[in-house]
Asks: 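Just passing along the structure, written as structure tokens.
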Amino acid sequence: MQVGYRHRRRRARIALWIAIACATVVGHAPRVRAEDRVAALTRMLDSPSDKTRLSAVLALAKLGDRAVEKPLVAALRDASQRVRAVAATALGRLGCQAALPALRWLAETDADPGVRQAANNATIKIGQAPRPAAVAEARRAAPLPGHAGEPHADLYLLVNSAADDSPGPADKTTRKTHAEIVRRALVDQLRNEASVTSTAGDAQRWGLDARHIDLSVTKLEVSKAGGFIEVNAELRLAISDDHGKMMSFLSGGAKVQVPDQKFDTRYLPSLRKEALENALRGMLGKLLAHLRTS
């Protein structure tokens with residue numbers, strides 16, 4: 001009888017230990033799972049399947065976490081109009097201020113009327129939503145004491161969107177390629193600038209206001225000039241603040257020339273890429289100087 005009692009007590013203690021261990025795991029698991037979930041769904045947005053990307057963006061929209069804002073903004077450039085529309089609607093519900101320039105651009109230029117409507121509705125919803133107190137406080141935050149003498153970035157820049165709006169018969173895929181070339185070129189250039197940050201924590205630490213950049217290719221043409229074939233690229237950079245208010249525009253361009261006798265049409269994609277990248281590089285110093293004096 002005594003043996004049975006001790007056996008039951010031992011089983012009860014084991015059950016209690018297991019319950020405590022499970023409670024500890026459960027207490028920490030949701031955060032880990034949520035982060036893993038966002039990362040996994042973000043990877044799904046690179047799938048060649050429209051159905052997979054739509055499932056991913058729908059799942060991100062349901063999470064309702066601030067961590068989903070960045071992949072949702074990226075989904076505004078998706079090839080599927082359904083994905084773009086869902087992403088726009090979700091960003092509106094989240095009140096994502098950083099998405100405003102991209103949403104406004106989508107509302108004005110997207111080929112699909114449903115996407116334009118979703119982007120316009122999201123823009124209105126974000127504009128009407130009160131800004132969270134924590135975000136407003138971060139905007140007012142001064143550099144932390146004790147760091148005044150440290151070298152640090154003096155500009156907080158975020159690249160929102162890029163598009164090829166140049167006249168001409170280029171198809172959608174080619175235009176998307178051109179847009180990605182200039183977007184990547186700007187991101188890479190800014191990453192190598194010690195005076196520029198794209199990290200929110202750094203911006204808050206040093207009291208920097210966000211400046212959002214939207215890129216567009218306004219001209220990309222091939223012509224013959226003397227004994228050369230010339231590729232001429234022109235860009236426009238739209239600068240807006242963290243409220244989505246447009247502040248200013250900058251424009252610039254570059255040309256690439258190849259001797260007529262050496263020209264081959266197979267070289268055109270590479271020549272266009274070189275002209276676009278050169279145009280962007282030539283504008284970077286102008287952009288940084290403009291932001292520091294404006």
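All figures in this text were calculated on a predicted structure; none of them were measured in a lab.
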Asks: Kindly give the heavy-atom pair with the smallest separation between Glu69 and Cys96, and that separation in Å.
Replies: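 Smallest heavy-atom distance, with atoms named: OE1-SG, 3.5 Å.
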
Asks: Does the side chain of Arg272 pick up a donor-acceptor pair with the side chain of Thr174 at under 3.5 Å?
Replies: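 There is no such pair (donor and acceptor under 3.5 Å, judged by atom type) between the side chains of Arg272 and Thr174.
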
Asks: Should we count CZ of Arg93 as having more than 12 external heavy atoms under 6.0 Å?
Replies: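 Result for CZ/Arg93: open.
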
Asks: Considering all heavy atoms of both residues, which atom of Asn278 and which atom of Arg281 are nearest to each other, and what is their separation?
Replies: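 Result for this residue pair: OD1-NH1, 3.1 Å.
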
Asks: Flag the pair Asp188 and Arg191 as a salt bridge only when some basic side-chain nitrogen lies within less than 4.0 angstrom of an acidic carboxylate oxygen.
Replies: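 Looking at Asp188 and Arg191, the cut-off is met.
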
Asks: Say you draw a straight line from CH2 of Trp105 to CG of Asp110; how long is it, rounded to the nearest 0.5 Å?
Replies: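 So the CH2 of Trp105 and the CG of Asp110 are separated by 7.0 Å.
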
Asks: Which heavy atom of Ala119 sits nearest to which heavy atom of Leu103, and what is that distance?
Replies: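 Scanning both residues, the minimum pair turns out to be CB-O, 3.5 Å.
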
Asks: With side-chain contact (heavy atoms from CB on, under 4.5 Å) as the criterion, how do Leu94 and Val68 come out once you've worked through the C-alpha distance, each side chain's angles and the decisive distance to 0.1 Å?
Replies: CA-CA 9 Å; Leu94 287 168; Val68 307; 3.7 Å; yes

Asks: Quick one: does Arg104's side chain have a donor or acceptor within less than 3.5 Å of a partner on Gly244's backbone?
Replies: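 At least one qualifying donor-acceptor pair exists.
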
Asks: Roughly how far, to the nearest 0.5 Å, is the CG atom of Leu288 from the CG atom of Leu190?
Replies: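 Answer for the CG-CG pair, Leu190 versus Leu288, is 7.0 Å.
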
Asks: Donor-acceptor pair, Ser195 side chain versus Asp154 backbone, under 3.5 Å?
Replies: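 Side chain of Ser195 to backbone of Asp154, a donor-acceptor pair under 3.5 Å: no, none is there.
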
Asks: Under a 4.0 Å N-O cut-off, is there an ion pair linking Arg53 with Asp78?
Replies: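 Result for this pair is yes, salt bridge flagged.
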
Asks: Taking CZ in Arg77 as the centre, count heavy atoms belonging to other residues, nucleotides or ligands within less than 6.0 Å. Is the count above 12?
Replies: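 Yes, enclosed.
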
Asks: In Å, rounded to the nearest 0.5 Å, how long is the span from CD1 of Ile213 to CG of Leu186?
Replies: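 Between Ile213 CD1 and Leu186 CG, I get 7.0 Å after rounding to 0.5 Å.
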
Asks: If we check side-chain contact (heavy atoms from CB on, under 4.5 Å) with Leu276, which of these qualifies: Thr177, Leu235, Leu215, Asp164?
Replies: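 Only one of Thr177, Leu235, Leu215, Asp164 forms a side-chain contact (heavy atoms from CB on, under 4.5 Å) with Leu276, namely Leu235.
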
Asks: Work out which heavy atom in Val38 is nearest to a heavy atom in Ala67; give both atom names and the distance.
Replies: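 For Val38 versus Ala67, the nearest heavy atoms are CG1-O, 3.8 Å.
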
Asks: Rounded to the nearest 0.5 Å, what separation is found between the CG atom of Asp214 and the CG atom of Asn160?
Replies: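 Answer rounded to 0.5 Å: 4.5 Å.
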
Asks: Would Val217 and Ile181 count as a side-chain contact (heavy atoms from CB on, under 4.5 Å) here? Give the steps.
Replies: CA-CA 10 Å; Val217 181; Ile181 287 170; over 6 Å; no

Asks: Are there over 12 heavy-atom neighbours, none belonging to Tyr267, within less than 6.0 Å of that residue's OH?
Replies: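 It does not: Tyr267 OH has 12 such atoms or fewer within range.
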
Asks: Between Asp50 and Arg82, is there a side-chain N and carboxylate O pair less than 4.0 Å apart?
Replies: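 A salt bridge is absent here (no side-chain N lies under 4.0 Å from a carboxylate O).
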
Asks: Examine distances only and state if a side-chain atom of Ser47 and a backbone atom of Ser49 form a donor-acceptor pair shorter than 3.5 Å.
Replies: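 Checked: pair present.
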
Asks: What's the separation between atom CZ in Arg211 and atom NE2 in His290, rounded to the nearest 0.5 Å?
Replies: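 Output value for this atom pair is 9.5 Å.
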
Asks: Compare every heavy atom of Ala233 with every heavy atom of Leu220, then report the nearest pair and how far apart it is.
Replies: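 Distance-wise, the nearest heavy atoms are CD1-CB, 3.7 Å.
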
Asks: In Å and rounded to the nearest 0.5 Å, what is the OG1 to CD distance from Thr123 to Glu108?
Replies: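 One gets 9.0 Å once the value is rounded to the nearest 0.5 Å.
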
Asks: Nearest heavy-atom pair of Pro167 and Arg175: which atoms, and what distance?
Replies: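 Smallest heavy-atom distance, with atoms named: C-NH2, 4.2 Å.
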
